[in-house]
Participant: 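Quick one: the structure is below, and I'll ask about it shortly.
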Number of protein chains: 2
Amino acid sequence: MLKLTKKVDYALLAMHFMGHQDMDQVSTIRDISENYQIPMEILAKVLQKLSKKGLLQSHHAPKGGYTLKRPIREISILEVINAVEGPIGILSCSEGQDKVCQQIENCDIRSPLERIQGKILWLLENMSLEELSQAVPTTGGVIHGSFDLLGQPRYH
Amino acid sequence: MLKLTKKVDYALLAMHFMGHQDMDQVSTIRDISENYQIPMEILAKVLQKLSKKGLLQSHHAPKGGYTLKRPIREISILEVINAVEGPIGILSCSEGQDKVCQQIENCDIRSPLERIQGKILWLLENMSLEELSQAVPTTGGVIHGSFDLLGQPRYH
DNA sequence: TGATAACAGACCAAAATGGTCTGCGATTAC
DNA sequence: GTAATCGCAGACCATTTTGGTCTGTTATCA
Ligand code: SF4
Ligand code: SF4
């Protein structure tokens with residue numbers, strides 16, 4: 001539970017991969033699939049969804065492939081997740097969930113749980129794909145006195 | 001994906017329920033199950049796990065039942081989740097996941113994703129069961145100039 | 001015009017989830 | 001002492017989600 005699906009993983013890898021190329025250079029499914037050892041067919045589906053949601057531009061021809069429609073710094077993790085998995089929520093009673101929770105009539109913890117959900121979504125929305133390139137230094141590199149929104153130290 | 005399981009939902013409801021009783025007053029599975037319309041058998045299992053993990057004390061007799069071992073303000077949401085679902089992680093490559101990720105050799109986004117995971121766990125660890133009782137006011141109540149760690153306003 | 005690349009969707013196996021059923025063990029009220 | 005009341009334990013099962021395969025079609029251009 002509370003786990004990212006493989007499809008999301010693949011999507012993030014693919015987007016990250018393309019982010020490290022010139023904006024106009026195309027990447028094929030084969031390129032990405034070989035680079036990360038991802039089954040081609042399933043990666044194909046994932047990229048299709050990303051392109052339908054306007055995150056990627058597909059070039060439908062020989063020597064074709066995919067290009068990013070926007071620079072990765074303008075794309076959030078949440079956008080990618082939503083593109084491949086649809087609207088998400090940590091609760092069975094969240095907006096867009098088809099099944100209705102049996103406890104919803106008697107539940108008295110819904111609103112606080114929705115607050116947690118909001119925070120998690122906020123987190124994913126405010127992290128861009130660009131940050132996937134920033135490794136956390138294991139030693140040194142801390143910007144003294146500077147903390148992010150979770151109270152954790154910033155790095156150079 | 002990224003959804004809390006029903007068992008966790010039940011656990012949180014149950015813990016919340018007991019938190020609203022005197023520490024020494026026992027609650028039976030039947031009490032809780034009727035209050036929230038939860039199937040008795042499955043709630044039983046959940047409470048067993050909570051008791052094995054030391055969050056609940058079971059009283060094994062007629063007029064018996066469960067009591068909290070600690071006040072709810074000293075129990076985090078994460079503790080409850082870990083008790084009923086085991087160690088969690090949003091990644092397939094997280095500690096304690098049995099299956100190994102096929103991409104782990106070529107993955108170049110692991111460390112940033114682990115940072116997200118860390119933030120989410122931090123969030124759950126630093127929210128106590130007590131906060132499940134605090135509804136967010138829809139209007140008014142904001143403490144001016146006071147924000148929590150996610151930059152959201154605090155309430156009275 | 002055919003090789004190349006994306007598109008589309010049916011199909012399937014394995015795993016996770018949510019739930020049921022059946023019987024046992026401890027305690028204590030009577 | 002024993003029967004009623006409670007939790008304990010685990011096998012079992014149906015449904016949903018997931019991860020993946022297979023087969024074929026369509027658009028483009030060298
Ligand atoms: S139990 Fe409450 S919070 Fe959980 S899904 Fe049902 S309504 Fe939402
Ligand atoms: S792809 Fe990278 S981050 Fe995702 S599970 Fe595999 S190793 Fe971990």
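No experiment lies behind these values; they were computed from the predicted model shown. Every chain is numbered from 1, with letters handed out A, B, ... down the list of sequences.
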Participant: Check whether any side-chain N or O of B:S58 sits under 4.0 Å from OP1 or OP2 of D:dC6, and answer yes or no.
Facilitator: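 For D:dC6, neither OP1 nor OP2 has a side-chain N or O of B:S58 closer than 4.0 Å.
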Participant: Just to be sure I understand the rule, does A:I29 reach a base, reach only the sugar-phosphate, or reach nothing, if contact means heavy atoms closer than 4.0 Å?
Facilitator: sugar-phosphate
Participant: For B:K45 and D:dA9, what is the distance between atoms NZ and P respectively, to the nearest whole Å?
Facilitator: 10 Å
Participant: Take atom CD of A:Q25 and atom C1' of C:dA5, then tell me their distance rounded to the nearest Å.
Facilitator: 16 Å
Participant: Starting at atom CE of B:M1, determine the distance to atom C1' of D:dT18, rounded to an integer number of angstrom.
Facilitator: 12 Å
Participant: Do any N or O atoms from the side chain of B:E125 and from the backbone of B:L78 form a donor-acceptor pair under 3.5 angstrom?
Facilitator: no
Participant: Does a donor on one side chain sit under 3.5 Å from an acceptor on the other, for B:Q117 and B:S94?
Facilitator: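 Result is yes, a qualifying pair exists.
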Participant: Measure from the side-chain heavy atoms of A:K6 and tell me the nearest of D:dG20, C:dA26, D:dC29.
Facilitator: D:dG20
Participant: How long is the line joining CZ of B:R30 and P of D:dT5, in whole Å?
Facilitator: 10 Å
Participant: Taking the minimum atom-to-atom distance to the side chain of A:P62, which one of D:dT21, C:dC7, D:dA27 wins?
Facilitator: D:dA27
Participant: Counting side-chain heavy atoms from C-beta on, which of D:dT21, C:dT27, C:dT20 comes nearest to B:P39?
Facilitator: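 Within the option list, the nearest is C:dT20.
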Participant: Counting any heavy atom closer than 4.0 Å, what does A:K49 reach on the DNA or RNA strands: base, sugar-phosphate only, or nothing?
Facilitator: nothing
Participant: Assign each of A:S27 and B:T5 to its nearest nucleotide of DNA chain C by heavy atoms, then name whichever residue's nucleotide is nearer the 5' end.
Facilitator: A:S27
Participant: Output yes when B:K45 and B:E41 qualify as a salt bridge under the 4.0 Å nitrogen-oxygen rule, no when they do not.
Facilitator: no
Participant: Using heavy-atom distances to pick each residue's nearest nucleotide on DNA chain C, tell me which of A:Y66 and B:K7 is more 5'.
Facilitator: A:Y66
Participant: Would you mind classifying the nucleic acid contact of B:K63 as base, sugar-phosphate or nothing, using non-hydrogen atoms under 4.0 angstrom?
Facilitator: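 Here B:K63 touches the backbone only, sparing every base.
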Participant: What is the distance, rounded to the nearest whole Å, between atom CD1 of A:I32 and atom C1' of C:dA5?
Facilitator: 13 Å
Participant: If you only use heavy atoms from C-beta on, which nucleotide in C:dT20, D:dT21, D:dC8 is closest to the side chain of B:S51?
Facilitator: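 Of all the options, the side chain of B:S51 is nearest to D:dC8.
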Participant: When you measure from the side-chain N and O atoms of A:Y10 to the phosphate of D:dG20, is any distance below 4.0 Å, counting only OP1 and OP2?
Facilitator: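 The answer is yes; a side-chain N or O of A:Y10 sits under 4.0 Å from OP1 or OP2.
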Participant: Over how many whole Å does the gap from B:K3 atom NZ to D:dT18 atom C1' extend?
Facilitator: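 It works out to 13 Å between those atoms.
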Participant: Nearest-Å distance, CG (A:L43) to P (D:dT18)?
Facilitator: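 Roughly 18 Å, once rounded to whole Å.
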Participant: Atom CD of A:E34 and atom C1' of C:dA5: how far apart are they, to the nearest Å?
Facilitator: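 So the CD-C1' distance, A:E34 to C:dA5, works out to 14 Å.
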Participant: Just by distance, no angles: are the side chains of A:E85 and A:T5 close enough, under 3.5 Å, to form a donor-acceptor pair?
Facilitator: yes
Participant: Tell me whether the side-chain N or O atoms of B:H59 pair up with the base of D:dG7 as donor and acceptor below 3.5 Å, since no angle test is needed here.
Facilitator: no
Participant: Please tell me if the side chains of B:K69 and B:L56 come closer than 4.5 Å, counting only heavy atoms from C-beta onward.
Facilitator: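 Side-chain contact under 4.5 Å: no.
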Participant: Any salt bridge between A:E79 and A:R70, counting N to O under 4.0 Å?
Facilitator: yes
Participant: Taking for each residue the nucleotide of DNA chain D with the nearest heavy atom, is it A:L4 or B:Q48 whose nucleotide lies nearer the 5' end?
Facilitator: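 Residue closer to the 5' terminus by nearest nucleotide: B:Q48.
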